[in-house]
> 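My questions all concern the structure below.
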Amino acid sequence: MEAFDPHTIERRWQQVWNDEKTWQVPNDATGPLAYVLEMLPYTSGDPHVGHLKNYAVGDAVAHFYRRRGHTVLHPMGYDAFGLPAEGHAIRTGKNPRVSTDESIASFRRQFSDWGISIDWSREFATHQPEYYRWTQWIFLQMFGKGLAYRREASVNWCPHDATVLANEQVVDGRCERCGFLVEVRQLEQWFYRITDYAQRLLDDLDGVEWPEKVKTMQRNWIGRSEGAAVTFRCAEMSSAYEVFTTRPDTLFGATFFVLAPEHPDVLKLAEGTEREREVRAYVEQALVADQFERSSSSRPKTGVPLGRTVTNPATGAEIPMYVADYVLAEYGTGAVMGVPAQDQRDWDFATAFGLSIVRTVQPPADFDGEAYTGDGPAVNSQFLDGLSIADAKPAMIEWLGEESLGESRVTFRLRDWLLSRQRYWGCPIPIVYCDDCGLVPVPEDELPVLLPVIEDYAPKGRSPLAAAEDWVNTPCPRCGGPGRRETDTMDTFVDSSWYFLRYCDPHNETAPWDRSVVDRWMPIDQYIGGVEHAILHLLYARFFCKVFADLGLVGFQEPFKRLFTQGMITRNGTKMSKSKGNSVSPGDIVARYGADTARCYVLFMAPPIMGGDWTDEGLEGVHRFLTRLWRLAQDVRAESADDRRDGGDDLLLIRASHRAISKVTDDIDGQFAFNTAIAAVMSLVKEVSRIHHEGDASAIARREALVTAASLLFPFAPHTATEVYLDLTGERVWEQPWPEADQRYLVADTIEYPIQINGKVRSRITVPADASTADVQALALAEEKIVELLAGKDPRKVIVVPGRMVNLVL
RNA sequence: GCCCCCGUAGCCCAACCGGCAGAGGCAGGCCCCUUAAAAGGGUUCCAGUGUGGGUUCGAAUCCCACCGGGGGCACCA
């Protein structure tokens, strides 16, 4: 007999799907629609096993939706601009256009080799002018609404990549990409006003079906705090300073006042006092200090008195002012009231500087800590005394309002999204600087502003585009006078914040998309990707959607209805990396075992939501299973048709088939438990094999069982499943509906009950499935061995769990 | 330091609402097939669920404490 040859089979079906455009869907499709999407690949280098897993998961979901009657949009594109792609180009000595296009070709080839069911008619890459023209158009809409703006600010600067970074791209004080320590610089940069949407981004998380973990990460990142703004007056300078506090109830305990070193008034306040020199030195040192180091809570508190006081608005007392670097300039107002008795940081500072500490919440008698943050009656707080924190807060806010000293306020941790980059390989920002007109947007009909081809694109601290004089110098679109183009490019995350909308209408030349088309497909029914995007891509894309909704460009608020985040594949327990030499190339695996084996294995090795450790042995096990299924199918096909037999092994096979249908359907539908779904198909095939070799089932019964196995396996191993299904039925499995489990075959005629005495299994009885609880109890008590063990005693209690077991308690 | 997830056989992993610890795979043993080997087929061994308590007729599952691994947050007032 001929051998199982996955490569021939896989090429055959890939050819068919390609020639017949099987997975292509029209925008005017009728019936239920579904949009299944995996995060688009970032194209620097070649695909790795993480990609294989991502698209194997998504493809299984897409196939499942299709076979359950949906028209499924399942497109593909490439995230092509950005730093890593440029870095890859520099490392390989190629122009980014060339190296990126090579990478795209590599991804495209492998997606095809893996047999992923993609509608190729919608393919695009974000570095193509036909695409980024609309990225620029979106920028202009945002600019027009004041949602894209330019301002000077303290920003994160990566000295290695020679560019600024968004807050989201700084991890533990280091550049997310290269790991270099990030510096703070005062620079004028472009921002998207995502903070305007903080509350909505927070609220709408409640309506999406996402992993709680990811929602929590976004909530933390947005960081909403409720509290009050309180004004402290400095009489001698006739100035006033506002603080934000989440504990207005503790105002009577504010015994000092602290400004951040970056606070604009610090030097002015110290001027002329004996502390001036000391303050100046402290501020200078704080500004150049390592940010990560500075923001460590374990560091001892430092600071310098400003030689001034402010008035505590509640007590009327004059309290000393300090500058200290534990206060952050960018959060709240850059100033805080020091309440040492109820805040550990303030406690640490007060003890270091010998400041007074006044309890305003009575700690319990056994409290032996320092600052007390728990609840308790207010003390030393005049009109608040005796109130709990929850009651004291509104009471204080009301009083502050009456006295015009403060008001309730909500503060967010989220910062605006810094979108400009001083790098070459990105989407140009469509703005012209004119001496007379200022910032002038490039008119929409002049888009795209093409990224010029330049020789030297190496990073040098300002955008390499600045060197392209011909490109930079351009007439002002408004007055026609001399103008200069913006030379910064956009963050890659801008490109990927709207790509899923373009898939709906990829060839539209007059708009980024047609709203009616997008509203048909969106929001995405199932989005799939790595958890590393929890607060980057996933937050930015949500922000964009809300802006589009406000602009009337889309009819929904949230882009991703359901989200699945896959776990990372490791090898020998550690992350795969080329430098460690433990990486596995999906290309090599597919070349050796075929795509179906590779796909099934990454799904089978562990629940896809978890990580999994790659072993070559495990891979071979899956390959053996596919081989066994195929060979069994060949054997059964060769047999001549016969008649079904009632009962016996025929019935066993029917039951096994329906059990498998039920299990696989539940596993895919509910929880992406593809590992157990595949195991259930293995189980079925094993049963067919056993009966085939030593049972007496009819050929038709064995054939039907294998047909079911192939049908269920199709989402995971589409080529092998298609081949087997065709061999046994003459039909194309992807054109067949998903099988349905028949309840009649799922329930057994008889049930075996274990009989426990005091929780230990002592005997067993087999009873008809429809026996009543009383019958089961009677039969259990009458069972020979049990009668013997009871020796005439009556059990104290008899527990019968229907369908499960019987427990006798003595 | 705080929060979340995970610890089940030599290994990867199952176990519905608390009800016989085992679905599937790997590795190992044995048998069949084979002149032999590989491939293949069959069969079998192996844990009482990280540790210690608790609740319960009954705990891998629920509760508490601890240990180990992973992730997130971390001077956000």
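Order of the sequence lines fixes the chain letters, A, B, ..., with proteins taken first and strands second; residue numbering starts at 1 for each chain.
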> With rounding to the nearest 0.5 Å, note down the distance linking CG in A/Asp348 to CG in A/Asp343.
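Answer rounded to 0.5 Å: 9.0 Å.
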> Using purine N1 to pyrimidine N3 plus N6-O4 or O6-N4 for Watson-Crick, or N1-O2 and O6-N3 for G-U wobble, both under 3.5 Å, which nucleotide pairs with B/rC26?
B/rG10
> Base, sugar-phosphate, or nothing: which does A/Arg415 touch, judged by heavy atoms less than 4.0 Å apart?
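Base, at least one base heavy atom under 4.0 Å.
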> Applying a 4.0 Å non-hydrogen cut-off, can you work out what A/Val258 is touching in the nucleic acid: base, sugar-phosphate, or nothing?
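No contact.
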> What is the distance from CG of A/Asp666 to P of B/rC17, rounded to the nearest Å?
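Roughly 12 Å, once rounded to whole Å.
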> Kindly determine whether A/Arg224 and A/Gln199 satisfy side chain to side chain donor-acceptor pair (under 3.5 Å), including the steps that lead there.
CA-CA 8 Å; A/Arg224 183 182 198 271; A/Gln199 189 65 54; 2.8 Å; yes
> Using atom P in both nucleotides, what's the gap between B/rG52 and B/rG70 to the nearest angstrom?
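Rounded to whole Å, the distance is 24 Å.
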> Touch check for A/Ser689, heavy atoms < 4.0 angstrom, all strands: base, sugar-phosphate only, or nothing?
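Contact class for A/Ser689: sugar-phosphate only.
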> Hey, is B/rG54 sitting syn or anti, using the within-90° cutoff around 0?
anti
> In whole angstrom, give the distance that lies between atom NZ of A/Lys663 and atom P of B/rA14.
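Nearest whole value for this atom pair: 10 Å.
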> Once ring-ring contact (aromatic ring centres under 6.0 Å, His included) is applied, do any residues pair with A/Tyr322, and if so which ones, sequence neighbours excluded?
A/Phe349, A/Phe353
> In whole angstroms, how far is the P atom of B/rA74 from the CG atom of A/Leu328?
11 Å
> When the C1' atoms of B/rG18 and B/rU61 are considered, how many whole Å apart are they?
6 Å
> Could you work out, with ring-ring contact (aromatic ring centres under 6.0 Å, His included) as the rule, every residue matching A/Tyr241, not counting sequence neighbours?
A/His263
> Is A/Ser763 near enough to B/rC20 that one of its side-chain N or O atoms lies under 4.0 angstrom from OP1 or OP2?
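Answer no for this pair, as no side-chain N or O of A/Ser763 is under 4.0 Å from OP1 or OP2.
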> With rounding to the closest Å, how many angstrom separate the P atoms on B/rG19 and B/rA38?
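Result for the P pair: 44 Å, nearest Å.
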> Applying side-chain hydrogen bond (donor to acceptor under 3.5 Å, both in side chains), name anything that partners A/Gln285, two or more places apart in sequence or on another chain.
none
> Rounding to an integer number of Å, can you tell me how far A/His533 NE2 sits from B/rG72 C1'?
16 Å
> Using the closest heavy atom to pick a nucleotide of RNA chain B for each, name whichever of A/Gly334 or A/Val801 lands nearer the 5' end.
A/Val801
> Can you tell me, in whole Å, how much space there is between the P of B/rA65 and that of B/rG1?
16 Å
> Please list, chain by chain and in numerical order, all residues satisfying ring-ring contact (aromatic ring centres under 6.0 Å, His included) with A/Phe625, sequence neighbours excluded.
none
> Measure from the side-chain heavy atoms of A/Arg690 and tell me the nearest of B/rU43, B/rC13, B/rC75.
B/rU43
> If every non-hydrogen atom of A/Ala710 is compared with every non-hydrogen atom of A/Val724, which pair is closest and at what distance?
CB-CG1, 3.8 Å
> Quick one: does any side-chain atom of A/Asp649 pair with a main-chain N or O of A/Asp696 as donor and acceptor, under 3.5 Å?
yes
> Using a cut-off of less than 4.0 Å, is there contact between a side-chain N or O of A/Tyr753 and OP1 or OP2 of B/rC20?
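Checking A/Tyr753 against B/rC20: no side-chain N or O falls below 4.0 Å of OP1 or OP2.
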> List for me each residue that meets side chain to side chain contact (heavy atoms under 4.5 Å, CB included) alongside A/Thr773, sequence neighbours excluded, and say none if there are none.
A/Val800, A/Pro802
> May I have the distance from A/Arg409 (atom CZ) to B/rA77 (atom C1'), rounded to whole angstrom?
14 Å
> Can you tell me how far P in B/rA9 sits from the matching atom in B/rA60, rounded to whole Å?
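The same atom, P, in both gives a distance of 14 Å.
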> Out of B/rC13, B/rG42, B/rC20, which nucleotide sits closest to the side chain of A/Asn675?
B/rC13
> If we take the C1' atom in both B/rA14 and B/rC26, what is their distance in whole Å?
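Those two atoms are separated by 15 Å.
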> Kindly give the atom pairs (protein nitrogen or oxygen, nucleotide nitrogen or oxygen) under 3.5 Å for nucleotides 24-28 of chain B.
| residue | atom | partner | partner atom | Å |
| --- | --- | --- | --- | --- |
| B/rG24 | OP1 | A/Lys686 | NZ | 3.1 |
| B/rG25 | OP2 | A/Lys686 | NZ | 3.4 |
| B/rC26 | OP1 | A/Arg624 | NE | 3.0 |
| B/rC26 | OP1 | A/Arg624 | NH2 | 2.8 |
| B/rA27 | OP2 | A/Arg624 | NH2 | 3.3 |

> Rounded to whole angstroms, how far apart are CG on A/Asp249 and P on B/rA77?
14 Å
> Might you list the N or O atoms of the protein lying below 3.5 Å from N or O atoms in nucleotides 55-60 of chain B, with each pair's distance?
| residue | atom | partner | partner atom | Å |
| --- | --- | --- | --- | --- |
| B/rC57 | O2 | A/Asn807 | ND2 | 2.6 |

> In the structure shown, which nucleotide is the Watson-Crick or G-U wobble counterpart of B/rC66, with both distances under 3.5 Å?
B/rG50
> Measure from the side-chain heavy atoms of A/Arg631 and tell me the nearest of B/rA77, B/rG40, B/rA23.
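So the side chain of A/Arg631 is nearest to B/rG40.
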> Rounding to an integer number of angstrom, what distance separates B/rC46 and B/rG29 when you compare their C1' atoms?
11 Å
> Could you tell me how far apart A/Arg219 (CZ) and B/rC4 (C1') are, to the nearest whole angstrom?
13 Å
> Pairing check on B/rC57: which nucleotide meets the Watson-Crick or G-U wobble criteria with it, both distances under 3.5 Å?
B/rG19
> Using side chain to side chain contact (heavy atoms under 4.5 Å, CB included) as the criterion, list what pairs up with A/Arg659, not counting sequence neighbours.
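A/Arg659 satisfies side chain to side chain contact (heavy atoms under 4.5 Å, CB included) with A/Arg655, A/Ala656, A/Leu746 only.
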> Taking a pair as Watson-Crick or G-U wobble with both distances under 3.5 Å, which nucleotide is matched to B/rC2?
B/rG72
> Is there a side-chain contact between A/Ser225 and the phosphate of B/rA77, meaning an N or O under 4.0 Å from OP1 or OP2?
yes
> Answer yes or no: is there a donor N or O on one side and an acceptor on the other, between the side chain of A/Lys215 and the main chain of A/Val208, under 3.5 Å?
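Pair found, side chain donor or acceptor close to backbone of A/Val208.
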> Within this structure, what is the CD-to-P distance between A/Gln566 and B/rG70, rounded to whole angstrom?
20 Å
> Using O4'-C1'-N9-C4 for purines and O4'-C1'-N1-C2 for pyrimidines, with syn meaning within 90° of 0, is B/rC17 syn or anti?
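Syn, angle within 90° of zero.
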> Could you measure between the two C1' atoms, the one in B/rU44 and the one in B/rU34, and give it in whole Å?
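Approximately 22 Å lies between the C1' atom of B/rU44 and that of B/rU34.
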> Could you name each residue pair satisfying salt bridge (charged side-chain N to carboxylate O under 4.0 Å, His left out) that touches residues 601-624 of chain A, not counting sequence neighbours?
A/Arg571-A/Asp616
